[in-house]
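A quick write-up on the structure given underneath.
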Amino acid sequence: NRNPRTAVFSDKQTNVLLRRSMAHNIGHNIVPASFRQLRACLGCGLVKTVQQFEDFGCENCDLQMQHDRDRVYDCTSPSFEGLISLMNNEESWVGNWQRLIGKARGCYAIKVHGSLPQE
């Protein structure tokens, strides 16, 4: 006997609900939309897709990447190591250890290879 108020979801439906929940609670511009074309900001290590950096820029750095794909490629790197998901930066010992306190919620590279262009 199933409780009539209990919903049963397939794995596919559950994944859709989780993604919608994450996008609603965290922001679609911060959580990587896919695992393809991921890049890490050379300023802070925030990891997003090329399209997300072009659409929204970096929430932590004033590198003026929004609406400028060339600037996105200059200020981000596809070469990075590790990935940390930071959801509550004020209480995260990992966030503190990685010096991410005060940064936007999202996914961060542990180490980013490359350097910002000199201006």
Side-chain angles (χ1 to χ4, degrees):
N1 283 332
R2 254 184 25 218
N3 183 337
R5 292 184 181 175
T6 303
V8 177
F9 297 105
S10 68
D11 287 341
K12 185 176 181 178
Q13 290 170 319
T14 301
N15 284 337
V16 169
L17 290 172
L18 286 173
R19 285 181 183 265
R20 285 182 185 163
S21 174
M22 287 178 66
H24 177 71
N25 293 331
I26 297 169
H28 64 281
N29 56 329
I30 296 180
V31 176
S34 76
F35 289 110
R36 295 179 187 206
Q37 296 187 341
L38 286 181
R39 297 182 71 91
C41 176
L42 290 167
C44 67
L46 183 65
V47 175
K48 299 196 290 188
T49 64
V50 171
Q51 190 63 51
Q52 287 173 302
F53 275 118
E54 188 175 357
D55 290 344
F56 305 104
C58 178
E59 286 72 17
N60 299 310
C61 303
D62 186 27
L63 296 174
Q64 300 166 351
M65 291 186 268
Q66 197 167 3
H67 309 299
D68 188 346
R69 186 159 290 222
D70 290 335
R71 187 78 176 148
V72 170
Y73 283 117
D74 289 343
C75 297
T76 63
S77 173
S79 180
F80 58 89
E81 297 175 33
L83 197 61
I84 295 171
S85 292
L86 183 68
M87 298 301 124
N88 186 348
N89 63 10
E90 299 303 322
E91 297 179 15
S92 170
W93 70 267
V94 173
N96 188 28
W97 175 63
Q98 287 295 119
R99 297 181 179 96
L100 296 173
I101 301 302
K103 303 288 185 197
R105 292 184 287 177
C107 296
Y108 289 85
I110 293 174
K111 182 177 182 182
V112 183
H113 301 281
S115 58
L116 286 169
Q118 294 189 1
E119 299 179 61

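Position 1 is the first residue of the sequence, and the numbers go up from there.
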**Request:** Check the pair Asp74 / Leu42 against side chain to side chain contact (heavy atoms under 4.5 Å, CB included), numbers first and verdict last.
**Result:** CA-CA 9 Å; Asp74 289 343; Leu42 290 167; over 6 Å; no
**Request:** Of all the heavy-atom pairs spanning Ser92 and Ile101, show the shortest one and how long it is.
**Result:** O-CD1, 4.3 Å
**Request:** Rounded to the nearest 0.5 Å, what's the gap from SG on Cys61 to CG on Leu116? Could you check?
**Result:** 7.5 Å
**Message:** Would you say that Asp68 contacts Tyr73 through its side chain, given a criterion of any heavy-atom pair below 4.5 Å between the two side chains?
**Reply:** no
**Item:** Residue pair Tyr108 / Val47, side-chain heavy-atom distance below 4.5 Å
**Value:** no
**Item:** Smallest separation among heavy atoms of Ala40 and Val112, with atom names
**Value:** CB-CG2, 3.7 Å
**Closest non-hydrogen atom pair between Thr76 and Cys41, with its separation** = CG2-CA, 4.0 Å
**Prompt:** Who pairs with Gln98 by side chain to side chain donor-acceptor pair (under 3.5 Å), at least two apart in sequence or on another chain?
**Reply:** none
**Item:** Distance in Å, Arg105 CZ paired with Leu86 CG, rounded so as to fall on 0.5 Å steps
**Value:** 9.0 Å
**Message:** Is there a side-chain contact between Leu38 and Thr49 in this structure, where contact means two heavy atoms from C-beta onward sitting under 4.5 Å apart?
**Reply:** yes
**Closest contact, heavy atoms only, Arg39 versus Val72** = NE-O, 4.3 Å
**Message:** Test your reading of the model: is there a side-chain donor-acceptor pair from Lys48 to the backbone of Phe56, 3.5 Å cut-off?
**Reply:** no
**Residue pair Leu46 / Cys58: nearest heavy atoms and the distance that separates them** = CD2-SG, 4.1 Å
**Message:** Keeping Arg71 on the side-chain end and Gln66 on the backbone end, is there a donor-acceptor pair under 3.5 Å?
**Reply:** no
**Asked** Excluding sequence neighbours, so at least two apart, what forms side chain to side chain donor-acceptor pair (under 3.5 Å) with Gln37?
**Response** none
**Prompt:** Is any side-chain heavy atom of Lys111 less than 4.5 Å from a side-chain heavy atom of Ser79?
**Reply:** no
**Request:** Tell me, please, which residues at least two apart from Asp55 pass side chain to side chain donor-acceptor pair (under 3.5 Å).
**Result:** Gln51
**Complete:** Looking only at heavy atoms, the pair that brings Cys75 and Met65 closest together is CB-SD, 3.8 Å
**Check against side chain to side chain contact (heavy atoms under 4.5 Å, CB included), Glu81 and His113** = CA-CA 8 Å; Glu81 297 175 33; His113 301 281; 2.7 Å; yes
